[in-house]
Amino acid sequence: MRFIPLSASSHAIILGLLPAMAAANGYQNLHQSATGLGTAYSANGTGIDDISAIYSNPASLTRFPGTNASFGADLIMPRDSFENLSATTASGAPVTDGSPGTPTQFLDNTLSGYWYIGHQLSDQLYFGLSFNAPWATESDYTDTAASRYTATTTKLTAYNLTPMLAYKVDDKLSIAAGLNIQYYVSEFSTNISLTPDNPSQASDLASDFEGNDLSFGAIIGIEYQATDQWRFGASYRTKITHEFDGDIRVNGSDANLAVLESNGVSRDGDARYEIATPWMLQLGAHGKLTDRLETYASATLTGWSAFKDTNIHTTNIGDLRVRNGWDNAWYVAVGLGYQVNDKVKVFGGVAYDETPTPTEVRNPRAPNADRSYVGLGGSYEVRPGRTFKVGYAHTFFEDAPIRLTSENNPGRGTLNGDIKIDADILMVQYVHQF
């Protein structure tokens with residue numbers, strides 16, 4: 001039995017945490033409006049008819065005179081499995097004691113919420129405030145599975161508070177800008193093998209990381225009512241760079257911790273690194289086809305290429321560098337809405353969401369693949385100024401192959417398998433006009 005030496009042990013502790021930090025693709029949370037969800041987000045950009053429109057375009061604020069407020073919650077319910085799973089340790093030894101052989105339900109059901117407020121300050125000036133979590137993901141692989149040396153637990157949430165001002169230039173044109181105040185909370189866990197030539201659960205340790213950061217960005221928007229029938233909008237969110245001062249703690253049995261410390265690696269340490277939530281460009285169109293029927297279209301380009309090389313400084317093992325390879329990706333959607341009567345409206349849409357993640361660097365912490373959406377929803381005005389909305393969408397994921405080699409999964413060995421996912425999303429929203 002060979003115990004892992006200091007240098008390899010150190011790399012296993014830190015690099016085992018990297019994929020979610022440097023490569024957590026596909027954790028964008030668009031679910032901030034029931035109309036948005038029910039139209040597969042084809043209404044984003046300029047088509048949403050309540051104050052939640054200011055999430056995708058702050059210039060939409062001028063369409064809601066007086067004082068308006070809205071809040072809602074969404075429930076994401078994924079179904080998933082990690083099939084054909086195989087792995088090796090950093091030294092190349094196969095992991096043969098993984099259990100279960102096919103992990104399932106590693107993407108947790110998640111419940112999140114949001115709220116929006118808008119107030120007209122004058123004939124032309126409007127103030128808005130929004131709170132949501134535009135970047136979030138959570139996964140939890142059992143710490144006995146063969147994938148345990150690459151990923152166990154991941155929790156990422158970027159909470160966003162956005163004060164904004166919108167100006168109505170004339171009856172056709174509105175412009176707006178806002179400040180994104182973003183608080184990012186991150187937690188990661190990965191197992192470490194003390195015996196990489198003969199891995200076993202009995203000789204494993206768990207490395208747990210936590211880090212939080214507050215940082216700032218901006219959003220700008222424009223909305224133009226070209227004709228009585230057609231309106232167009234565009235918005236841009238800047239990327240936000242977070243500088244984390246995190247903590248690492250290694251947990252396990254007293255005997256295994258003694259082995260770790262005998263190799264000169266302390267149980268507790270600090271780690272500093274940067275990660276950017278990406279920039280986002282969103283375009284939208286809204287058309288009135290008849291008095292009751294309307295159409296929506298949107299296109300969103302997300303700047304996942306913001307994930308550059310990640311440099312990590314630790315207090316116990318020095319500096320590390322990891323290369324990443326994300327691509328910018330498009331989300332495109334079309335939809336329809338129909339006003340049944342004065343109180344009831346129904347809507348629907350379809351969308352295609354391009355993955356930013358090349359197969360050679362896809363990681364199970366936040367598995368992503370090309371996917372499509374089908375959305376349906378409706379609204380009911382219980383009395384003037386009091387409306388309830390419901391949105392539903394089903395997400396069809398293409399299979400997400402995991403093909404990590406020792407070169408692109410440094411310090412953790414290889415990992416192969418096929419992740420299969422589909423998900424249902426349900427949202428309830430209340431809109432209040434004062």
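Only a predicted model underlies this, so the values are computations on that prediction, with no experimental measurement involved.
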Exercise for the section: May I ask you to test the Leu107-Ile76 pair for a side-chain heavy-atom distance under 4.5 Å? Expected result: no
Problem - Donor-acceptor pair between Glu83 and Thr102 side chains, under 3.5 angstrom - result: no
Fill in the blank from the handout: Sorted by chain and residue number, the ring-ring contact (aromatic ring centres under 6.0 Å, His included) partners of Tyr224 (sequence neighbours excluded) come out as none
Handout entry: Over all atoms of both residues, closest heavy-atom pair of Thr414 and Ser406
Key = CG2-N, 3.7 Å
Exercise for the section: Taking side chain to side chain contact (heavy atoms under 4.5 Å, CB included) as the test, write out the residues that go with Arg249, two or more places apart. Expected result: Asn251, Arg267, Asp268
Handout entry: Donor-acceptor pair between Ser33 and Ser52 side chains, under 3.5 angstrom
Key = yes
Practice task
Could you name each residue pair satisfying side chain to side chain donor-acceptor pair (under 3.5 Å) that touches residues 344-354, not counting sequence neighbours?
Solution key: Asp49-Lys345, Glu294-Lys345, Tyr352-Asp370, Asp353-Arg371
Practice task
Might you point out which heavy atoms bring Tyr331 and Ala351 nearest each other, and give the distance in Å?
Solution key: OH-CB, 3.3 Å
Handout entry: Derivation and outcome, side-chain contact (heavy atoms from CB on, under 4.5 Å), residues Asn29 and Ser112
Key = CA-CA 10 Å; Asn29 181 19; Ser112 63; 4.0 Å; yes
Practice task
Inspect the surroundings of CG in Asp291 and state if more than 12 heavy atoms from other residues, nucleotides or ligands are less than 6.0 Å away.
Solution key: no
Handout entry: Counterpart residues, ring-ring contact (aromatic ring centres under 6.0 Å, His included), relative to His432 (two or more places apart)
Key = Tyr430, Phe434
Exercise for the section: Look up atom OG in Ser186 and atom CG in Asp213, then write down how far apart they are to the nearest 0.5 Å. Expected result: 9.0 Å
Fill in the blank from the handout: Sorted by chain and residue number, the ring-ring contact (aromatic ring centres under 6.0 Å, His included) partners of Tyr114 (sequence neighbours excluded) come out as Tyr116
Handout entry: Leu129 vs Leu161, side-chain contact (heavy atoms from CB on, under 4.5 Å): CA-CA, chis, key distance, verdict
Key = CA-CA 7 Å; Leu129 188 66; Leu161 179 69; 3.9 Å; yes
Handout entry: Qualifying ring pair (Phe, Tyr, Trp, His ring centres under 6.0 Å) pairs with a residue from residues 37-67, counting only residues at least two apart or across chains
Key = His31-Tyr41
Practice task
For residues Pro100 and Thr142, report the shortest heavy-atom separation together with the two atoms involved.
Solution key: CD-CG2, 3.4 Å
Exercise for the section: May I ask you to decide if Trp304's main-chain N or O and Asp327's side chain share a donor-acceptor pair within less than 3.5 Å? Expected result: no
Exercise for the section: State the NE2-OG1 distance between His242 and Thr277, to the nearest 0.5 angstrom. Expected result: 4.5 Å
Handout entry: Where Gly335 and Thr295 come nearest, the two heavy atoms and their spacing
Key = O-OG1, 3.2 Å
Handout entry: Stepwise side-chain contact (heavy atoms from CB on, under 4.5 Å) test for Thr238 and Trp279
Key = CA-CA 5 Å; Thr238 64; Trp279 56 262; 5.6 Å; no
Completion exercise
Taken in chain and number order and not counting sequence neighbours, the residues that satisfy ring-ring contact (aromatic ring centres under 6.0 Å, His included) with Phe127 are none
Problem - Residues Asp418, Asp399; criterion side-chain contact (heavy atoms from CB on, under 4.5 Å); working and verdict - result: CA-CA 7 Å; Asp418 299 289; Asp399 290 352; 5.5 Å; no
Practice task
Search all heavy atoms of Pro199 against all heavy atoms of Pro94 and return the closest pair with its distance.
Solution key: CG-O, 3.6 Å
Problem - Check: Thr359/Arg403 side-chain N/O donor and acceptor closer than 3.5 Å - result: no
Exercise for the section: Provide the full list of salt bridge (charged side-chain N to carboxylate O under 4.0 Å, His left out) pairs with a residue in residues 144-159, sequence neighbours left out, each pair given once. Expected result: Asp97-Arg148, Arg148-Asp204
Practice task
Just grab all the salt bridge (charged side-chain N to carboxylate O under 4.0 Å, His left out) pairs involving residues 58-69, residues at least two apart or on different chains.
Solution key: Arg63-Glu223
Exercise for the section: Please report the closest heavy-atom contact between Gly36 and Asn44, naming both atoms and the distance. Expected result: CA-OD1, 3.9 Å
Handout entry: Distance-only side-chain donor-acceptor flag, Arg365 / Thr190, under 3.5 Å
Key = yes
Handout entry: Pairs involving residues 170-179, ordered by first then second residue, that meet side chain to side chain donor-acceptor pair (under 3.5 Å) (sequence neighbours left out)
Key = Thr62-Ser174
Exercise for the section: Measure the spacing between CG of Leu179 and CD of Gln182 and express it to the nearest 0.5 Å. Expected result: 11.0 Å
Practice task
Measure the CG-CG distance between Asp247 and Asp270 for me, rounded to the nearest 0.5 Å.
Solution key: 5.5 Å
Practice task
Would you check, one step at a time, whether the test side-chain hydrogen bond (donor to acceptor under 3.5 Å, both in side chains) holds for Gln429 with Ser70?
Solution key: CA-CA 7 Å; Gln429 180 184 353; Ser70 181; 2.8 Å; yes
Exercise for the section: Compute the ring centroids of Tyr183 and Tyr159, then answer whether they are less than 6.0 Å apart. Expected result: no
Handout entry: Pair Asp143-Asn191, side-chain donor/acceptor within less than 3.5 Å
Key = no
Practice task
Would you confirm whether Thr39, through its side chain, and Gly349, through its main-chain N or O, come within 3.5 Å as a donor-acceptor pair?
Solution key: no
Fill in the blank from the handout: So salt bridge (charged side-chain N to carboxylate O under 4.0 Å, His left out) across residues 113-140, not counting sequence neighbours, yields none
Exercise for the section: Would you please classify the geometry between the Trp115 ring and the Phe131 ring as parallel, tilted or perpendicular, with 30° and 60° separating the classes? Expected result: parallel
Exercise for the section: Flag the pair Thr46 / Phe232 as yes when at least one side-chain heavy-atom distance between them is below 4.5 Å, and no otherwise. Expected result: no
Handout entry: Among Thr152, Asp208, Thr153, Leu156, side chain to side chain contact (heavy atoms under 4.5 Å, CB included) partner for Phe188
Key = Leu156
Completion exercise
Here the gap from Thr357 atom OG1 to Asn363 atom CG, rounded to the nearest 0.5 Å, amounts to 9.5 Å
Practice task
Drop me the distance from Ser235's OG to Arg237's CZ, to the nearest 0.5 angstrom.
Solution key: 7.0 Å
Problem - Sequence neighbours excluded, every pair satisfying salt bridge (charged side-chain N to carboxylate O under 4.0 Å, His left out) that has a member inside residues 29-41 - result: none
Exercise for the section: Check for a donor-acceptor pair, side chain of Asn132 on one end and backbone N or O of Gln32 on the other, with a separation under 3.5 Å. Expected result: no
